[in-house]
Amino acid sequence: NVYLEVPVGAPSAVQLRYAVIQMAERSRTAAVHRERMGWWRDAFAAAVKSGTVLLPELQREAASGESAVLLRYPILVQAAHRDRLWERLERFGASKAYPVVLNGYAEFSNEVTQGSIEGATAVAGRVLTLPLHRYVTREDVARVSEIMEKL
């Protein structure tokens with residue numbers, strides 16, 4: 001066993017300064033992510049109305065009354081279109097996010113039965129995630145939206 005010795009007491013001036021810097025950076029990052037979430041949400045409004053895209057973020061907010069700050073923006077598309085969409089959107093940072101569900105890993109396959117994870121299996125076959133970092137531009141969002149509309 002390895003134990004990490006952590007001194008007990010007040011943090012040093014350097015540690016406090018670093019903590020303040022990290023808190024400020026976290027707030028800036030959260031603000032950028034919220035802004036980008038709004039861009040994606042607006043870009044997919046028509047697709048949501050037509051039923052071709054489902055935004056889990058909106059479902060969660062409706063159920064909980066809370067607005068999360070996401071690391072990546074998930075969308076659910078028709079399973080038949082996901083791989084083709086991903087090929088076209090990968091250059092914009094799109095990811096399949098969950099290539100397999102837990103029972104797809106050898107370490108878990110004996111512990112998890114297919115029947116108990118039907119929802120996870122369905123989501124894994126439909127989900128794409130999109131980036132929210134500060135380098136995402138409105139033009140990127142518009143291009144992704146255009147590509148999805150043409151499908």
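Note that this is a predicted model, so its numbers are computed, not measured. What's counted below: heavy atoms across the whole structure, side chains too, no hydrogens, waters or symmetry copies.
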(message) How long is the straight-line distance from CZ of Arg72 back to CG of Leu128, given to the nearest 0.5 Å?
(response) 9.5 Å
(request) Apply side chain to side chain contact (heavy atoms under 4.5 Å, CB included) to the pair Leu132 and Trp39, showing each step before the final yes or no. (result) CA-CA 9 Å; Leu132 293 169; Trp39 292 358; over 6 Å; no
(message) Does any part of the side chain of Phe44, heavy atoms only, come nearer than 4.5 Å to the side chain of Leu54, both counted from C-beta?
(response) no
(request) Report yes or no: do Val32 and Met37 belong to one cluster of Ile/Leu/Val/Met/Phe/Trp/Tyr joined by side chain heavy-atom distances under 4.5 Å? (result) no
(request) Could you please spell out the steps behind the side chain to side chain contact (heavy atoms under 4.5 Å, CB included) verdict for Trp40 and Leu55? (result) CA-CA 10 Å; Trp40 289 121; Leu55 303 180; over 6 Å; no
(message) For Pro74 versus Pro56, what's the shortest heavy-atom pair and its separation?
(response) O-CD, 3.4 Å
(request) Look at the aromatic rings of Tyr135 and His133 and report parallel, tilted or perpendicular, splitting at 30° and 60°. (result) tilted
(request) Taking the side chain as every heavy atom from C-beta outward, state whether Val53 and Leu76 have any pair of such atoms under 4.5 Å apart. (result) no
(message) I need the Ile75 CD1 to Thr52 OG1 distance, nearest 0.5 Å.
(response) 9.0 Å
(request) Report yes or no: does Arg126 contribute a side-chain atom to a donor-acceptor pair with the main-chain N or O of His81 at less than 3.5 Å? (result) no
(message) Please determine whether the number of non-hydrogen atoms from other residues, nucleotides or ligands lying under 6.0 Å from atom CZ of Arg17 exceeds 12.
(response) no
(message) Return the CG to OG distance between Leu89 and Ser145, rounded to the nearest 0.5 Å.
(response) 10.0 Å
(request) Look only at the side chain of Gln15 and the backbone of Ser12, and say whether a donor-acceptor pair between them is shorter than 3.5 Å. (result) yes
(message) Show every salt bridge (charged side-chain N to carboxylate O under 4.0 Å, His left out) that has at least one partner inside residues 26-37, sequence neighbours left out.
(response) Glu25-Arg28
(request) Heavy atoms only: give me the nearest Val136-Pro131 pair and the separation to one decimal. (result) CG2-O, 3.6 Å
(request) Test Arg41 against Val48 for side chain to side chain contact (heavy atoms under 4.5 Å, CB included), laying out the working first. (result) CA-CA 9 Å; Arg41 190 181 313 117; Val48 168; over 6 Å; no
(message) Any non-hydrogen side-chain atom of Leu70 less than 4.5 Å from a side-chain atom of Glu57?
(response) yes
(request) Count the heavy atoms of every other residue, nucleotide or ligand shown that sit under 6.0 Å from CG of Leu71, and state whether that count exceeds 12. (result) no
(message) In the structure I gave you, are the side-chain heavy atoms of Val127 and Lys96 within less than 4.5 Å of one another anywhere?
(response) no
(request) Would you confirm whether Asp140, through its side chain, and Thr137, through its main-chain N or O, come within 3.5 Å as a donor-acceptor pair? (result) yes
(request) Could you tell me the separation between the CE atom of Met23 and the OH atom of Tyr18, rounded to the nearest 0.5 Å? (result) 12.5 Å
(request) Kindly compute the distance separating OH (Tyr73) from NE2 (His33), expressed to the nearest 0.5 Å. (result) 13.5 Å
(message) Within the structure provided, determine whether Arg91 and Arg143 are in side-chain contact (heavy-atom separation under 4.5 Å).
(response) yes
(request) Could you tell me the separation between the CZ atom of Arg134 and the OG1 atom of Thr29, rounded to the nearest 0.5 Å? (result) 7.5 Å
